[in-house]
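Every chain is numbered from 1 and lettered A, B, ... according to where its sequence line falls, protein lines coming before strand lines.
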Amino acid sequence: MAFELKKGLFAIDEMRNVSIKIGKVVEEEEEWTEPMGPTPKPGILELRKWDHKLLERFEPFYAPMSDYCNLCTMGPCDLSMNKRGACGIDLKTAKARLVTIACCIGAAAHTAHARHLLDHLIEDYGEDLPIDLGGDINVEAPNIRTIIGIKPRTLGDLREALDWAEKEIVKVLHATHIGNEESFIDYESKAMHVGMADHIGMEVADIAQIVAYNLPKAEQDTPLVDTGFGIVDKSKPVIVVVGHNVMYSRPVVEYLEEQGRIDDFEIAGLCCTAHDMTRVSSKTKIFGPISYQLRVIRSGLPDVLISDEQCIRADLLEACKAVGIPLIATSDAAIRGLPDVSDWPVDKIVDALVSGKLPGVFLSDPEKVGQVAPLVAEAVFKKHGGERKYRFFETDEDLWGEINKCTQCMSCVFTCPHNLRIDQGMAHAQKTKDLSKLGYLEEQCLACGKCEQACPKNIKIINVIMASNFEKLYNKSGKTRVGRGPIQDTEVRNVGQPIVMGQIPGIIAAVGCINFPDEMQSIREILEEFLKRRYIVVTSGCHAMDIGMLKDEEGQTLFEKYPGIFDAGGLVNTGSCVSNSHISGVAMKVASIFAMRPLRGNYAEIADYILNRVGAVGFSWGPYSHKAASIATGFNRLGVPVVVGPHGAKYRRAYIGRYYKPEKWWAYDIKTRKKMNIEPAPDSLLVAVETKEEAIVQLARLALRPNDTSQGRQIKLTHYLELSQKYLGTLPDDWPLYVRSEADLPLKMKDQLLQILESDYGWKIDWDKKKILEGPIRPFDAGFNPTLVEEVYEKYAGEKPPQ
Amino acid sequence: MAVKKEDKYPAARRYQVADIQVSREATAVKPNVVVNLVKKAKHPVLVTGGQLLKDPKLVEFAVKFHEKGIPIIATGGSSKPLIEKGVKPQSAVFPLHYVTQFMLDEEWQGFDGKGSYDVVLYLGFLPYYLSRMLSALKHFSKITTISLDEFYQPHAKFSFTNLTANKEMHYQMLEEVVNNL
């Protein structure tokens, strides 16, 4: 007999053979005095109004990749010149649907990762494991608090947030089916919704792994770990992991530590798993970002490779087979056609891999992975006598044989994502025996391998390029600061005011992939410009790895030169992709800790606060994944603009405002009870730039906010103007838009700028007092209290907003 | 040096093989067609991109366009070498993404306040980046776009053919355009 208890009081007495199942026990609410906001666990509708405000101002821009739609069997349909397809959809809406699908893929990647990890951790550690992110973290989960409306205390509590994210992703994905959504604006709203859910997925994953695996808890001075191709001691067996889920690589570290043999092996990672592994143990190393997969595999350095999920090549098994590296696939997201050996004994798996009977296995038991990988690595290492024979080419003759096959047909150039002039490098080498032109390409190459598919002579182009830069590549090393996870509440308290007032000129969040338009070095140059100017720079993922590989003339990386504090001039590595949630989270924390705005179920107010006050700008110099699209869209909904490199234009959609339309730039001012025209700050939410010069200027420009104080605006304008002069050779076109009074003008240039305002823009100036009398969009008011949200206005003004 | 009649132009070949499934592909044009299109335009403009920072020859040609009375919108930092040579661009700070968004708006009066641009020439861009911007204009505007870069741009209305293997010919074609404006 079993029965379910409903709500109420029960007396159970002298009952036999009765089983009682107790579901979730809801404890008496502990003190969390924050009132519930209007939108806990929002559905598609609840924040739509906020999205439409953003999208009215930051108009979606579409750049179709293809004129056609071929998603269903009624097509393919010609949608060119905005024609409609068989289902009735027009081109803009079709592109908005595609972006929404991309965001769903990205959000699903993080959220499924979180689910996989959380269920596993609850099984291992129990759902009551407390969420303790260190003494300086009271606002433990700002995204969850703001979006879900709960304050998670245990691993089990995270399920509630994850349940919501999964539900919303499915709902939005549903809306991308034929014939659902008709409005491209509403598709954008859905993309924003799912982008926001992505930050929940990321936050759940990172909090869960921090508390269960005891990763660094907001420590500023996390250790520096070795980064780069040349980091491994080649006299030891090398275990390489690639992907995003540390669940499978951590047991390797744990097993070897238990055996007292951690120092007998090299454990190095590619992509975000590498970050998270170094957070588990700083004895592990970071080979490099996602683009290093083929470099590392074809070098023959690994003795065994473990793949998990997400940013892993789809031809990993083929690539490993070609050079005799056994592969252990672990995640059900990437089984690769391999036999499932999860219930085999360890010896049998090791034998199958070492003997080559199986080129790879699917092994979903993390503990077994921990045992199998070292045994395989050691046996393979011994098998080839510690000598790795395959280093792109076995002999120089082989290398030159490949180079001499090239006829400069340019098929490779025409298929390369960067259109690298491989033909010229080959021709130069053929004529002069000098490999330097080919070697230079290594620093730009993504090692995607498309060129090899296009080459009619089947030249191993990647190997040629890598071999041409062999010495430099093999010796490449640097230091990356281990991901610290969240930002401390005390740090937020210290910098909240200067960020909001503008004295700290901005937060630059450099995140995402590595599809840089030019040499990797450009990311260091861009970020150092801002570090020197005492912006806060936050980073994660592949960008953080790249920064760790790039040294200056004195041989130092930015991580060695700048402290890991969240403060002016600090360079913070939060960790892997899922640690991006701490970057959105810290913006929310500024609203909560500094401005005392309630987070709980209160998303629109917080996003409105961030848009108007927090000068944070996302930056993805080399974007390419769906996850990057989703992360950026989540930031956009939160009011954070994002600058992407030129490849970002291939996302096909941007959000760019038109500064010359004054009716688009307004805010309710709670202080004066007026609806006011404001400066277009920021004037885009997502924009792709072409060059590093342009990136630098746009980052400084988009850090301007309507609520800057005079001192803050003066500092921000000083940087913007100086950077524009330095990199563009002139004052920017739009600087007068941001001047509210003479106090906003950079001191050193004040007279010159006043002169320009009078002569070129017709402003009236009182030259005796050096005061602006007429001209600005609005005067500066220290009490200016802007909002775009009617409900927020009403809440603080106590009346309906003015028309 | 002008391109002679007997010179053979390379085939119009997409610089990115997979770019794009097209319904309407750019017309590959010779310099004299570009000249005629610009001469007939009411409000032409040349947009320059970041590759001017890497190729001084492109800067020289942009300066010559300016000297022939074609206004310049400088993106990607291309303003700096142009300003150093005495050119005053109509705009310097806005990336091509912004400029394209403005051009998609028929109400936009241009950076000079004289109304929409009707013929837009492009010089010195990363091919994949320019391709996306041309695609936006192709589908959502009536602007005549002309790519003067060394690669064929299928999304443009008119484009030079593919000249990547013969840079000299590219320079000769640009020379012929500016000389005849």
TODO: Go through Phe151(B) and Phe414(A) one step at a time and tell me if the ring pair (Phe, Tyr, Trp, His ring centres under 6.0 Å) criterion holds.
DONE: CA-CA 10 Å; Phe151(B) 35 82; Phe414(A) 281 68; 9.4 Å; no
Task: Chi angles and distances behind the side chain to side chain contact (heavy atoms under 4.5 Å, CB included) call for Tyr720(A), Val93(B) - done: CA-CA 11 Å; Tyr720(A) 176 36; Val93(B) 80; 3.4 Å; yes
- [ ] Kindly indicate, with the supporting measurements, whether the criterion side chain to side chain contact (heavy atoms under 4.5 Å, CB included) is fulfilled by Ser80(A) and His139(B).
- [x] CA-CA 6 Å; Ser80(A) 62; His139(B) 293 294; 3.6 Å; yes
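For a residue to count as touching a neighbouring chain, one of its non-hydrogen atoms must lie under 4.5 Å from one of that chain's; by this rule Lys692(A) does not touch chain B. With a 4.5 angstrom heavy-atom cutoff, Glu690(A) touches chain B via backbone and side-chain atoms both. With a threshold of 4.5 angstrom between heavy atoms, Ser141(B) does not approach chain A through any atom at all. Proximity to chain B is absent for every atom of Pro76(A), based on heavy atoms less than 4.5 angstrom apart. Using a 4.5 Å cut-off between heavy atoms, Glu59(A) contacts chain B through both its backbone and its side chain. Only the side chain of Asn162(B) has a heavy atom closer than 4.5 Å to any heavy atom of chain A. Residue Lys83(A) does not touch chain B at all, counting heavy-atom pairs closer than 4.5 Å. Neither the backbone nor the side chain of Ser78(B) comes within contact range of chain A; no heavy atoms are under 4.5 Å apart. Both the backbone and the side chain of Phe102(B) come within contact range of chain A, each with at least one heavy atom under 4.5 Å from a heavy atom of that chain. Residue contact with chain B, scored on non-hydrogen atoms closer than 4.5 Å, is absent for Asp423(A). Proximity to chain B is limited to the side chain of Val697(A), based on heavy atoms less than 4.5 angstrom apart.
Taking 4.5 Å as the heavy-atom cut-off, the residues of residues 106-121 of chain B that approach chain A are Glu107(B), Trp108(B), Phe111(B), ordered by number. Interface residues of residues 82-91 of chain B toward chain A, defined by a heavy-atom distance below 4.5 Å and sorted by number: Ile83(B), Gln90(B), Ser91(B).
Among Met133(B), Gln101(B), Gln51(B), the residue making the largest number of heavy-atom pairs under 4.5 Å with chain A is Gln101(B). With chain A as the partner, the residue from Leu53(B), Leu126(B), Leu96(B), Thr100(B) showing the most heavy-atom pairs under 4.5 Å is Leu126(B). Per-residue heavy-atom pair counts under 4.5 Å with chain B were compared for Gly657(A), Ser684(A), Ser411(A), and the maximum is reached by Ser684(A). Heavy-atom pairs under 4.5 Å with chain B peak, among Thr691(A), Leu728(A), Asp78(A), at Leu728(A). Listed options Asn419(A), Asp734(A), Leu731(A) were ranked by heavy-atom pairs under 4.5 angstrom with chain B; first place goes to Asn419(A). Among the candidates Leu91(A), Thr415(A), Ile696(A), the residue making the largest number of heavy-atom pairs closer than 4.5 Å to chain B is Leu91(A).
Residues Arg701(A) and Tyr98(B) approach most closely at NH1-OH, 3.0 Å, considering heavy atoms. Here the shortest heavy-atom pairing between Ala688(A) and Tyr129(B) reads O-OH, 2.7 Å. Residues Ala136(B) and Tyr62(A) come closest through the heavy atom pair CB-O, 3.2 Å. For the residue pair His155(B) and Met65(A), the shortest heavy atom distance occurs at NE2-O, 3.9 Å. Annotation for Ser135(B) and Ala63(A): closest pair OG-C, 3.7 Å, computed over non-hydrogen atoms. The two residues Phe140(B) and Pro64(A) come nearest to each other via the heavy atoms CE1-CD, 4.0 Å.
Of the candidates Val689(A), Val643(A), Ile656(A), Ile656(A) is the only one forming a side-chain contact (heavy atoms from CB on, under 4.5 Å) with His97(B).
With Arg421(A) contributing its side chain and Thr164(B) its backbone, the two residues share a donor-acceptor pair below 3.5 Å.
Counting non-hydrogen atoms of other residues, nucleotides and ligands closer than 6.0 Å to NZ of Lys157(B) gives a total of 12 or fewer. A 6.0 Å sphere centred on NZ of Lys661(A) holds more than 12 heavy atoms belonging to other residues, nucleotides or ligands.
Side-chain contact check for Phe94(B) versus Asp683(A): some heavy-atom pair is nearer than 4.5 Å.
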Mind listing the side-chain donor-acceptor pairs of residues 67-77 of chain B below 3.5 Å, one per line with the distance, residues two or more places apart or on another chain?
from, atom 1, to, atom 2, distance (Å)
Lys68(B), NZ, Val178(B), O, 3.4
Thr75(B), OG1, Thr48(B), O, 2.8

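Annotation: side chain to side chain donor-acceptor pair (under 3.5 Å) contacts involving residues 52-61 of chain B, sequence neighbours excluded, comprise Asp518(A)-Lys54(B), Asp55(B)-Tyr171(B).
Put simply, CZ on Arg132(B) and CZ on Arg653(A) are 15.0 Å apart, with the number rounded to the nearest 0.5 Å.
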